[in-house]
Enquirer: 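Here it is, the structure, as structure tokens.
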Amino acid sequence: MTESVVRALYGRATSLNLSSRKIKVVPESVSRLTNLSVLLLNNNSISALPAELLCLQHLAELNLGNNALKEVPAVLGHLESLKKLYLFSNQITAVPPDVIDGLRNLVVLNLNHNQIQRLPPEIKSLSRLRHLSVLDNKLEEVPAELGHLTELTEINFTSNNLSCLPQQLYQCTELTKLHVARNKLTSLPEGIRTLEKLQVLDVAGNNLSMFPVEFHLLPLKELYYEGNRFVRCEPMSSVQDAEVLTLKELVARFVLREDRNRSSLVHQMLPHYPVLTALLASGSCCALCLEPFLTTWLET
């Protein structure tokens, strides 16, 4: 590991890969690599970061996935050039507001597979964020300030404890993918119709019973909704116990039946009554009993 850092130091490297090295403590010498733009520390046993890392003011990508972090390291709030931050598969329970507030250039934030219950309102500071993933956590709510992230194109809140999404989600007009499967959602925000770029929506495994008004107008290419409680539209038989017909309907049906018999007096005289002929022209025939009728209705 030390050799890798030394080589990077003398070579003025812009990237350093220390993933899968069984590291428990990040060497302070890494902070001397002030030209670093990419630092990979994933798949180790790191539980904290040295404060000296704040010297990496050009760092744009940091991968701390699959480590032993119990909190988001405070030093990250000073790495203002960070654009991609991966903190998946740790033991993080909260996201400190002061750290989030210092990551204003972040484009990708991956917090998958942790134990986070809430995201702070200060998330609105991540005004350039495009990809937010908090899959498989313990999220119970999402702050309304999410609506300030107007450049978001992808959100993944799959496998959490969300019972609702903020109405302000409609402000994320650049959103193309929304994954909220396996939560406890009972409804979707009515304003979701304004997401005119939304192509993928995954709401499978929730408690939804219906979609919002004008939901069908969304330009979706993929929709996953199995495992919900949608009302099933199944045909029902209609039974009319007693049929009460008007005199006009009774006479019309009699004339229509008689008109079938070409030798009947009604059939012969009908051409002399053009108004009546025109009225009976709108008649029809029952598909079951084949009897003629002028008008009909169903009562349930």
Side-chain angles (χ1 to χ4, degrees), residues 1-120 122-123 125-126 128-139 156-157 159-160:
M1 177 182 66
T2 304
E3 293 179 0
S4 299
V5 176
V6 171
R7 284 197 301 269
L9 186 60
Y10 280 100
R12 295 184 178 182
T14 58
S15 64
L16 177 62
N17 188 348
L18 294 177
S19 60
S20 304
R21 302 289 184 92
K22 298 181 180 180
I23 299 173
K24 292 185 178 180
V25 178
V26 179
E28 293 184 6
S29 55
V30 171
S31 62
R32 297 169 60 189
L33 301 170
T34 54
N35 291 323
L36 277 185
S37 62
V38 178
L39 177 57
L40 306 180
L41 294 168
N42 50 301
N43 304 326
N44 285 293
S45 301
I46 299 169
S47 58
L49 293 181
E52 289 78 7
L53 287 187
L54 61 82
C55 295
L56 305 181
Q57 287 301 305
H58 296 290
L59 196 64
E61 179 177 343
L62 176 60
N63 193 332
L64 285 163
N66 196 21
N67 274 284
L69 296 171
K70 293 186 177 180
E71 59 184 19
V72 179
V75 67
L76 298 184
H78 300 282
L79 302 179
E80 298 180 356
S81 295
L82 266 185
K83 292 184 177 180
K84 298 180 180 180
L85 177 58
Y86 301 92
L87 291 166
F88 59 86
S89 299
N90 279 277
Q91 302 165 33
I92 298 170
T93 58
V95 180
D98 52 340
V99 175
I100 285 291
D101 197 47
L103 297 172
R104 297 175 182 265
N105 290 307
L106 210 60
V107 175
V108 176
L109 177 58
N110 187 318
L111 295 165
N112 295 346
H113 311 298
N114 280 286
Q115 300 175 38
I116 300 169
Q117 292 185 350
R118 291 176 180 82
L119 295 175
E122 286 74 12
I123 196 172
S125 300
L126 307 181
R128 297 185 178 181
L129 197 66
R130 294 175 61 84
H131 298 268
L132 173 61
S133 191
V134 199
L135 176 150
D136 185 28
N137 275 265
K138 296 182 178 180
L139 278 183
N156 194 334
F157 290 147
S159 296
N160 279 281

Enquirer: Does any N or O in the side chain of Thr34 come within less than 3.5 Å of the main-chain N or O of Leu56, such that one atom is a donor and the other an acceptor?
Expert: no
Enquirer: What's the shortest heavy-atom distance between Arg118 and Ile116, and which atoms?
Expert: O-CG2, 3.3 Å
Enquirer: Report the C-alpha separation of Leu18 and Leu16 in whole Å, then their side-chain angles, then the decisive distance to 0.1 Å, and conclude whether the side chain to side chain contact (heavy atoms under 4.5 Å, CB included) test is met.
Expert: CA-CA 6 Å; Leu18 294 177; Leu16 177 62; 3.8 Å; yes
Enquirer: Would you say the side chain of Leu139 lies within less than 4.5 Å of the side chain of Phe157, judging by non-hydrogen atoms?
Expert: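 Yes, close enough: below the 4.5 Å cut-off.
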Enquirer: Taking the side chain as C-beta and beyond, is there a heavy-atom pair between Asn156 and Val134 under 4.5 Å?
Expert: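 Answer no - side chains too far apart.
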Enquirer: Is there side-chain contact between Val108 and Leu85, with heavy atoms separated by less than 4.5 Å?
Expert: no
Enquirer: Is the number of heavy atoms from other residues, nucleotides or ligands under 6.0 Å of Glu80 CD greater than 12?
Expert: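 Result for CD/Glu80: open.
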Enquirer: Nearest 0.5 Å, please: how far is CD in Gln57 from CG in Leu82?
Expert: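 Answer rounded to 0.5 Å: 9.0 Å.
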Enquirer: If you measure only the distance, is there a donor-acceptor pair under 3.5 Å linking the side chains of Ser133 and Asn112?
Expert: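 Short answer, yes.
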Enquirer: What heavy-atom pair brings Ala94 and Ile92 nearest, and what distance separates the two atoms?
Expert: O-CG2, 3.2 Å
Enquirer: Knowing that exactly one of Asp101, Asn105, Val107, Leu103 qualifies, which makes a side chain to side chain contact (heavy atoms under 4.5 Å, CB included) with Leu126?
Expert: Leu103
Enquirer: Counting C-beta onward and ignoring hydrogens, is there a side-chain heavy-atom pair between Leu39 and Val30 closer than 4.5 Å?
Expert: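 Leu39 reaches Val30 side chain to side chain.
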Enquirer: Could you measure the distance from the CG atom of Leu132 to the CG atom of Leu111? Nearest 0.5 Å is fine.
Expert: 7.0 Å
Enquirer: From Leu36 CG over to Leu79 CG, what is the distance, rounded to the nearest 0.5 angstrom?
Expert: 11.0 Å
Enquirer: Once rounded to the nearest 0.5 Å, what's the spacing between atom CG of Leu59 and atom OG1 of Thr14?
Expert: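 These two atoms lie 10.5 Å from each other.
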Enquirer: Verify, without hydrogens or angle tests, whether Asn137 (side chain) and Leu135 (backbone) share a donor-acceptor contact under 3.5 angstrom.
Expert: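 Yes.
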Enquirer: Side chains of residues 64-78: which donor-acceptor partners sit under 3.5 Å, not counting sequence neighbours?
Expert:
| residue | atom | partner | partner atom | Å |
| --- | --- | --- | --- | --- |
| Asn66 | ND2 | Asn43 | OD1 | 3.0 |
| Asn67 | OD1 | Asn44 | N | 3.3 |
| Asn67 | OD1 | Ser45 | N | 3.3 |
| Asn67 | OD1 | Ile46 | N | 2.9 |
| Asn67 | ND2 | Leu41 | O | 3.0 |
| Asn67 | ND2 | Leu64 | O | 3.0 |
| Asn67 | ND2 | Gly65 | O | 3.2 |

Enquirer: Quick one: pull up CG in Asn42 and OG in Ser20 and give me the separation to the nearest 0.5 Å.
Expert: 6.0 Å
Enquirer: For the residue pair Leu106 and Lys84, what are the closest heavy atoms and their distance?
Expert: CD1-N, 4.0 Å
Enquirer: About how many Å separate CG of Leu33 and OG of Ser15, when rounded to the nearest 0.5 Å?
Expert: 10.0 Å
Enquirer: Backbone N or O of Lys138 within a donor-acceptor pair of the Asn160 side chain at under 3.5 Å?
Expert: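 Confirmed, Asn160 side chain pairs with Lys138 backbone.
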Enquirer: Considering all heavy atoms of both residues, which atom of Leu87 and which atom of Asn114 are nearest to each other, and what is their separation?
Expert: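 Of all heavy-atom pairs spanning Leu87 and Asn114, the closest is O-ND2, 3.0 Å.
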